[in-house]
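Worksheet for the structure shown next.
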Amino acid sequence: MLCPWRTANLGLLLILAVFLVAVNISWPVQMARNAVLCCPPIEFRNLVVITWEIILRGQPSCTKSYRKETNETKETNCTDERITWVSTPDQNSDLQIYPVAITHDGYYRCLMATPDGNFHRGYHLQVLVTPEVTLFQSRNRTAVCKAVAGKPAAQISWIPEGDCAPTEQEYWGNGTVTVKSTCHWEGHNVSTVTCHVSHLTGNKSLYIELLPG
């Protein structure tokens with residue numbers, strides 16, 4: 001994701017500020033990628049304090065702040081070294097997460113204090129995990145397709161459609177989900193079946209030849 005535009009035009013900045021007082025963005029990002037979270041496009045000369053608030057599941061709230069007047073940075077309860085300023089805060093106020101881990105699910109907010117008021121931009125960060133897909137024949141023209149440990153849960157469909165049991169889902173403590181679909185094909189008019197897995201990180205298809213008996 002690229003950072004929003006920045007402008008040196010003060011008139012345009014004031015117009016944009018009306019819309020940037022409170023902005024929250026839902027943002028999915030794939031695990032192991034690089035994520036850059038951007039503050040509102042406020043000119044540095046107008047800033048007093050920049051603060052990032054980071055609220056992760058099961059952890060105390062972390063704050064990273066920068067005070068322009070004293071050129072000082074401060075951190076409170078911030079232990080994850082993968083979450084850093086992109087550069088020094090006086091050069092770039094954006095936050096970087098690299099590499100993104102499943103534990104980075106949470107809420108991130110940039111607060112910018114200026115003489116004209118406070119502005120913020122928040123991100124509800126959803127970490128996506130690609131499931132591992134497997135397909136095998138269990139018995140008597142019955143195939144089992146699994147999408148293991150995906151986040152969010154994957155969806156499974158079959159070509160051609162068979163006589164399928166209700167889809168099973170197993171939830172893990174880290175927020176991932178394993179999805180299992182079991183289908184049966186009567187007769188011998190179907191020799192090959194395809195399991196198609198749909199997921200936000202990308203789709204995958206596997207096929208298998210049904211053995212008789």
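Computed from a predicted model, the values in this text were never measured in an experiment.
Every residue two or more places apart in sequence or in another chain that forms a side-chain hydrogen bond (donor to acceptor under 3.5 Å, both in side chains) with Thr142 is listed here: His184. Shown here are the ring-ring contact (aromatic ring centres under 6.0 Å, His included) partners of His124, two or more places apart in sequence or in another chain: Tyr107. Residues satisfying the salt bridge (Lys or Arg N to Asp or Glu O under 4.0 Å) test with Arg82, not counting sequence neighbours, are Asp80. Residues meeting the side-chain hydrogen bond (donor to acceptor under 3.5 Å, both in side chains) test with Ser65, sequence neighbours left out: none. In this structure, the side chain to side chain contact (heavy atoms under 4.5 Å, CB included) partners of Ser157, at least two apart in sequence or on a different chain, are His196.
The hydrophobic clustering, which links ILVMFWY residues whose side-chain heavy atoms are closer than 4.5 Å, places Ile156 and Phe136 apart. With hydrophobic clusters built from ILVMFWY side chains whose heavy atoms lie under 4.5 angstrom apart, Ile42 shares a cluster with Val23. Taking hydrophobic clusters as Ile, Leu, Val, Met, Phe, Trp and Tyr residues chained together by side-chain heavy-atom distances below 4.5 Å, Trp27 shares a cluster with Ile97.
Within the structure, the ring pair (Phe, Tyr, Trp, His ring centres under 6.0 Å) test picks out the following pairs touching residues 140-168 (sequence neighbours left out): Trp158-Trp185. Sorted by first then second residue, the salt bridge (Lys or Arg N to Asp or Glu O under 4.0 Å) pairs that include residues 149-158, not counting sequence neighbours, are Asp105-Lys151. Applying the salt bridge (Lys or Arg N to Asp or Glu O under 4.0 Å) test to pairs two or more places apart or on separate chains, none has a residue in residues 160-173. Judged as a disulfide (SG to SG under 2.5 Å), the pairs with a partner in residues 136-173 (not counting sequence neighbours) are, in order, Cys145-Cys195, Cys164-Cys183. Among pairs with a residue in residues 60-69, those fulfilling salt bridge (Lys or Arg N to Asp or Glu O under 4.0 Å) read Lys64-Glu75, at least two apart in sequence or across chains.
Around the CD atom of Gln155, the shell of radius 6.0 Å holds no more than 12 heavy atoms that belong to other residues, nucleotides or ligands.
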Under 3.5 Å donor-acceptor pairs involving side-chain atoms of residues 52-63, not counting sequence neighbours:
residue	atom	partner	partner atom	Å
Trp52	NE1	Ser93	O	2.8
Glu53	OE1	Arg109	NE	3.3
Glu53	OE1	Arg109	NH2	2.9
Arg57	NH2	Asn174	O	3.4

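Side-chain heavy-atom separations under 4.5 angstrom define the hydrophobic clusters, and the remaining members of the one that includes Val49 are Val48.
No donor-acceptor distance shorter than 3.5 angstrom exists from the side chain of Arg121 to the backbone of Ile25, with no hydrogens or angles considered.
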